[in-house]
K.L.:
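The structure's right below; bear with me while I get my questions together.
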Amino acid sequence: MPIEMPKGLPFSVDTWTPCSNRKRHHFLTHAHKDHSQGISTHSSFPIYATRLTKSLTLNYYPQLNESLFVDIEIGQPIAINDPVETFTVTAFDANHCPGAVMFLFEGTFGNILHTGDCRLTPECLQRLPEKYLGKTSREPKCRLDYIFLDCTFATFSSKMPSKHVAIRQVVDCIWKHPDARVVYLTCDLLGQEDILENICKTFGSKIFINKENNPECFQSLSLTIPNILSQDPSSRFHLFDGFPRLSERVEAKIIEARANFQPDPLIIRPSAQWYVFEDVSSESEKQKNSRFKEAIRDSFGIWHVCYSMHSSRDELEWALQLLAPKRVVSTTPEFRAIELGYVRRHCSFDNLAPDDPVWKLLDIDLETPLVNEDIQEEVTINKKEMLTVSSLVKGTCLTLFGRARAGLGNSTLSYEDLVKPEISTQNVDEVGSDGEVPEGQHDGSKSNGLTKVIGKQATACSSTGMSNGVNENIRKLYRSMHIPVPKPLPSLVEILNNRKRAKRSFML
DNA sequence: GCGATCAGCT
DNA sequence: CACAGCTGATCGC
């Protein structure tokens, strides 16, 4: 999920809002629509993207002008001239979907890898500049200052098959059903082309796609895999819409075939979604693991294969061990990503040097003394604490593991909604019983000191009643940002803990 | 009437 | 719950 880049950076990645429009350079990692949302209204020159991503995006938004784009070639660094600071950017394959890249930014702001959406593999990582790659027992020569990391499946702890293995499972599933006259493939999403290509190659048959019913999908596939598409409905392989109401349509297809005394059609859905949310609590370890070894049939008759375009937790952990970045910023809501061991162990904001690039990144001026009159009495507030407070107050839309919470940017609801004392204490309670907070952050005691720390920012704001433990306004805020309502708000817990720590050290 | 944004759903 | 995406409602011009 795209997030706004912090104030201190001169570029945006995958965001198209009034806020991102003020940046001087824009980057588009890939052509999925949730990464180009708003591009037709809030875009300005230059937009850096691969040629394919540009073509696909122009397909989706015909009103966009091609001249807004600057092509970027994979692996070829380009120098970006910026009035404030010249920097270099290089694109690397993200193994997500056709045209998808990660961007490596190198400048006075530090060395930043933005993964966009990615399925990190050893091959992907080996293509990065060697100086950033560590060895088994040695740190890299040059550590990345930041990784903006796709943590979509960071809570997915099972070992996922590689894309390559998943494709083989799809092919094997077809081999095992020689009687099926028609094979329906729910591969209408950008990123599933390799599956179709492999089936075409293996079985020597092109894939039927109904051009009239699905013009946009047809156009996209015409750009990515033009040679394996067919307009002949007698082909054994049919592209099948994944939405809406897949299970209903599948049942109808099976009933229809049986009514005509034909063998059941084969329906295959290569996607990780079913695996991520399917309830397997009653299954044994062995059963759980075997789910990923071959295609598995559900009660509607759909065969599932775990084909993922995002990294699982072990893949993320492995990548972070190799790159050993100084900080990790999740581009996905934090509560899904906080479990990453590397982040827990290495990405704390303790012991920050005054020249650390994080200050510049967050647009915090260390030279200017604190003048907020309400905060002034909190003489023991340290800079680290201010980091947390500032990044929230200023609405830099930054998700930091264990610290700040995602995007407060252009919401109609204000920061005040989030810092009402009753909310803060409640979240602390939740965290205390949840046991999902990293070591040293547990604190179940109540405190309403938050308003003091935030000072004038925490003036009253109308709010509707509480429901289900979370203020309705906050629910609205998260929904409006397409972010699920999180259980704990670690930022608030952190502010409280920092404040307590500061108080303790004051008394000593 | 149109596009942009949002709510709800899979 | 939610991938990435769609549909339909609502808002503002």
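Reckoned from all heavy atoms, side chains included, excluding hydrogens, waters and symmetry mates. Numbers restart at 1 for each chain; the letters A, B, ... are given by sequence-line order, proteins then strands. Values in this document were obtained by computation on a predicted structure and should not be read as measured data.
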K.L.:
Within this structure, what is the CH2-to-P distance between Trp16(A) and dG3(B), rounded to whole angstrom?
P.N.:
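Spelled out: CH2 on Trp16(A) to P on dG3(B) is 21 Å.
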K.L.:
Atom CE of Met1(A) to atom P of dG5(C): distance rounded to whole Å?
P.N.:
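After rounding, the reported distance stands at 12 Å.
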K.L.:
His42(A) and Ser20(A): side-chain donor and acceptor closer than 3.5 Å?
P.N.:
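Side chains of His42(A) and Ser20(A): no pair found under 3.5 Å.
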K.L.:
Closer than 4.0 angstrom, basic N to acidic O: yes or no for Glu294(A) and Lys176(A)?
P.N.:
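Lys176(A) and Glu294(A): salt-bridged.
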K.L.:
From the set dA4(C), dT5(B), dC6(C), return the single nucleotide nearest to any side-chain atom of Lys33(A).
P.N.:
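Of dA4(C), dT5(B), dC6(C), dC6(C) is nearest to the side chain of Lys33(A).
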K.L.:
Whole-Å distance between dC9(B) P and Gln273(A) CD?
P.N.:
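Distance check: Gln273(A) CD to dC9(B) P gives 15 Å.
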K.L.:
For the pair made of CZ in Arg245(A) and C1' in dG5(C), what is the distance, rounded to whole Å?
P.N.:
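Arg245(A) atom CZ is separated from dG5(C) atom C1' by 14 Å.
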K.L.:
Does Lys163(A) pair with Asp194(A) as a salt bridge, N-O distance under 4.0 Å?
P.N.:
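Between Asp194(A) and Lys163(A) there is no salt bridge, as every charged N stays at least 4.0 Å from the carboxylate O atoms.
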K.L.:
OP1, OP2 of dG5(C) versus side-chain N and O of His35(A): anything below 4.0 Å?
P.N.:
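Result: no.
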K.L.:
In whole Å, what is the span from the CH2 atom of Trp274(A) to the C1' atom of dC1(C)?
P.N.:
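Rounded to whole Å, this separation is 17 Å.
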K.L.:
Expressed in angstrom and rounded to an integer, what is the separation of Asp34(A) atom CG from dA4(C) atom P?
P.N.:
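Atom CG in Asp34(A) sits about 5 Å away from atom P in dA4(C).
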K.L.:
Compare side-chain N and O positions of His310(A) against OP1 and OP2 of dA4(C) and report whether any pair is under 4.0 Å apart.
P.N.:
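Checking His310(A) against dA4(C): at least one side-chain N or O falls below 4.0 Å of OP1 or OP2.
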K.L.:
Side chain of Phe243(A) only, heavy atoms from C-beta on: which candidate in dC6(C), dA4(C), dT5(B) is closest?
P.N.:
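Per side-chain heavy atoms of Phe243(A), the pick is dA4(C).
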K.L.:
Taking the inter-plane angle between the rings of His96(A) and His30(A) on a 0 to 90° scale, is it parallel (under 30°), tilted (30 to 60°) or perpendicular (over 60°)?
P.N.:
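Perpendicular: the ring planes of His96(A) and His30(A) meet at over 60°.
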K.L.:
In whole angstrom, give the distance that lies between atom CG of Leu56(A) and atom C1' of dG5(C).
P.N.:
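The distance from CG of Leu56(A) to C1' of dG5(C) comes to 16 Å, rounded to the nearest Å.
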K.L.:
Nearest-Å distance, CG (Asp117(A)) to P (dA2(C))?
P.N.:
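One finds 16 Å between P of dA2(C) and CG of Asp117(A), rounded.
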K.L.:
Using 30° and 60° as the class limits, which term best fits the ring planes of His177(A) and Trp303(A): parallel, tilted or perpendicular?
P.N.:
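It falls in the perpendicular class, over 60°.
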K.L.:
From the list dC3(C), dG5(C), dC6(C), which nucleotide is the closest neighbour of the side chain of His32(A)?
P.N.:
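Comparing dC3(C), dG5(C), dC6(C) against the side chain of His32(A), the answer is dG5(C).
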K.L.:
For His30(A) and for Pro244(A), locate the closest nucleotide of DNA chain C by heavy-atom distance; then report the residue assigned to the nucleotide nearer the 5' terminus.
P.N.:
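Looking at the nearest nucleotide for each, His30(A) comes out on the 5' side.
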